[in-house]
Amino acid sequence: MNREDFPMLQSDIIYFDNSATTLKPKQVLNEITNYYTKYTSNAHRGDYKTSLKVDMLYEETRSLMKEYINAEKEKEIIFTSGATNSLNIVAFGFAKENLKKGDEVLITKTEHASNVLPWLELEKEIGIKVRYIPLDENLKLTIQNLKNSLTKKVKLVSIAHVTNTIGDVRDLEEIGKILKELGIYFVVDAAQSAGHRKIDVQKMNIDFLALSGHKMLGPTGIGVLYGKEKLLEKTKPLNYGGGMNNFFESDGRVEYKELPTRFEAGTQNIEGVLGLNAAIKYLNKIGLENIEKHEQELKRYLLGNLEKIDNVKVLNKKGEAANILFNIDGVFPQDTAVYLDHYNICVRAGNHCAKLLKDELGIKNTCRISLYLYNTKDEIDKLIEVLKNSKNIFEVVI
């Protein structure tokens, strides 16, 4: 699908590491190049034509993202450096100011480090309690297990929309409904879903949502924090400096700007915002429904072929997203990745920044194949052929 738009694919590389980062289409690359060669200037700083053009594109991106996730207002879209930064703002800018000792935060053991470590740090700082919602036999989060974990002490639930390992797709609409009725804050890590499936923050009753541009065809170093206006008003900025204040005086008097500007201190990643602009337009043109359909077709084809290889064990057969965890019997996952790289096949090996998963899976490291819109069945056939010949893996690796 649209492979001609991706310069990286003009070589013989087979890229199956899309959960880590996606390739960039020429439309995104062209927008970044245009910024640096045709209208370089700071945003919201100048009164000349090129600066005003940048201002327009910068704020257009905010509007595009508002529509993309169906936020109510543009001021609810904050540009950050990525999902990690966004989740840290929620933890230390909002939760630290609005939760108290003894309050409970629920997460799961399949969360990415960015949705675990901030809460563990907050536990140390203010005495909240981090608890883990039990997972079912397929390492999936069920509505019943969520309900069973809810107590009067639970004030916030923070989960991924789609997990980057098992590929568990959570029912955000049902979860959001339950939490709203109980007055529990709902935080969503959408890093693995924003470029793959539709998100509606209003319909899903999401209070805060974090995403990264580089996982949805955009540049690295740019992300978004969505927050309901009334909650962002209760959130303390973590960065202070130019552009986010109306005035400050030597006697200590300070007035900060309104949303969203007060959260965007200093010169932002302008090229990242403009690249994200092009990425959103690109995804909208293709259609997330078409992307999801393509991914699922590829996943079924991949899974069916992997299961025919005797020494390959698939570890997340029941996951819904287009990523598959596997290991070759008797082979360390990093050796498998090096072996596949010999044939220009890129996969991820390790714990995938989900170090708590070993408590549930019983395995510390795995190989991960994650598919996206530009992958093909021909690429999968090449992977399967190489894996079938993996008996000579150590001859290649060593």
Side-chain angles (χ1 to χ4, degrees), residues 14-20 108-112 132-146 159-172 191-193 196-197 291-337 339-340 345-373 375-377 379-390 393:
I14 296 177
Y15 188 77
F16 286 146
D17 195 19
N18 295 287
S19 289
T108 75
K109 288 188 176 181
T110 47
E111 301 302 320
H112 188 278
Y132 302 94
I133 307 167
L135 303 170
D136 70 7
E137 65 276 9
N138 296 311
L139 303 184
K140 297 170 62 114
L141 170 61
T142 67
I143 297 298
Q144 191 56 54
N145 281 353
L146 170 67
I159 58 171
H161 184 185
V162 176
T163 60
N164 74 327
T165 49
I166 299 303
D168 181 17
V169 180
R170 277 74 183 264
D171 186 350
L172 297 190
Q192 296 295 330
S193 62
H196 301 263
R197 57 190 67 233
I291 293 173
E292 186 177 353
K293 181 180 179 181
H294 178 73
E295 289 177 348
Q296 290 302 312
E297 181 180 349
L298 289 181
K299 182 189 175 183
R300 287 191 294 270
Y301 185 73
L302 172 60
L303 194 57
N305 280 281
L306 285 175
E307 290 178 334
K308 296 176 184 178
I309 306 175
D310 293 338
N311 64 333
V312 170
K313 182 178 181 180
V314 176
L315 302 166
N316 65 329
K317 294 180 181 180
K318 299 295 184 179
E320 297 117 323
N323 51 286
I324 288 179
L325 299 182
F326 76 98
N327 277 335
I328 298 176
D329 291 341
V331 179
F332 190 56
Q334 274 77 6
D335 288 336
T336 299
Y339 169 69
L340 292 175
I345 300 172
C346 305
V347 302
R348 174 77 178 269
N351 54 54
H352 318 295
C353 297
K355 289 183 170 68
L356 298 182
L357 178 62
K358 68 181 184 299
D359 295 347
E360 303 289 328
L361 192 61
I363 298 173
K364 186 175 182 180
N365 294 305
T366 59
C367 287
R368 181 184 67 194
I369 301 166
S370 44
L371 305 168
Y372 204 26
L373 63 96
N375 291 126
T376 67
K377 288 183 178 179
E379 291 179 323
I380 291 173
D381 289 341
K382 178 69 180 293
L383 169 72
I384 296 301
E385 178 187 350
V386 171
L387 287 175
K388 283 181 177 178
N389 295 325
S390 62
I393 187 169

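Any value given below was found using the heavy atoms of this structure, including those in side chains, with hydrogens, waters and symmetry copies removed. Residues take their numbers from the sequence shown, with the count starting at 1.
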Checklist entry - Could you give the distance from NE2 (H352) to OG (S370), rounded to the nearest 0.5 Å? => result 9.0 Å

Next on the checklist: Looking at N323 and T165, would you say the former's side chain and the latter's main chain have a donor-acceptor pair under 3.5 Å?
Outcome noted: yes

Item to check | Heavy-atom donor-acceptor pair, K308 side chain to N305 backbone, under 3.5 Å | outcome: no

Checklist entry - Just by distance, with hydrogens left out, do R170 and T142 show a side-chain donor and acceptor under 3.5 Å apart? => result no

Next on the checklist: Quick one about N138 and N316 (side-chain donor to acceptor, distance below 3.5 Å, no hydrogens or angles considered), yes or no?
Outcome noted: no

Next on the checklist: Quick check: H196 with Y372 (ring centres under 6.0 Å apart)?
Outcome noted: yes

Checklist entry - Does some side-chain heavy atom of R197 sit less than 4.5 Å from a side-chain heavy atom of H161? => result yes

Checklist entry - Who are the side chain to side chain donor-acceptor pair (under 3.5 Å) partners of N389, not counting sequence neighbours? => result none

Next on the checklist: Could you work out, with salt bridge (charged side-chain N to carboxylate O under 4.0 Å, His left out) as the rule, every residue matching D359, not counting sequence neighbours?
Outcome noted: K109

Checklist entry - Hey, is the main chain of L135 close enough, under 3.5 Å, to the side chain of D168 for a donor-acceptor pair? => result no

Next on the checklist: Using side-chain heavy atoms (C-beta onward) and a distance below 4.5 Å, is K317 in contact with E307?
Outcome noted: yes

Item to check | Contact check, side chains of F16 and E379, non-hydrogen atoms, under 4.5 Å | outcome: yes

Item to check | E320/K140 salt bridge by N-O under 4.0 Å criterion | outcome: yes

Item to check | Straight-line distance of N351 CG to K364 NZ, nearest 0.5 Å | outcome: 7.5 Å

Checklist entry - Should we say atom NZ of K358 is surrounded by more than 12 heavy atoms from elsewhere, each under 6.0 Å from it? => result yes

Next on the checklist: Would E297 and K377 count as a salt bridge (charged side-chain N to carboxylate O under 4.0 Å, His left out) here? Give the steps.
Outcome noted: CA-CA 9 Å; E297 181 180 349; K377 288 183 178 179; 3.2 Å; yes

Checklist entry - From L387 CG over to I309 CD1, what is the distance, rounded to the nearest 0.5 angstrom? => result 5.0 Å

Item to check | Those residues that, when tested against Y301, pass side chain to side chain donor-acceptor pair (under 3.5 Å) (two or more places apart) | outcome: D381

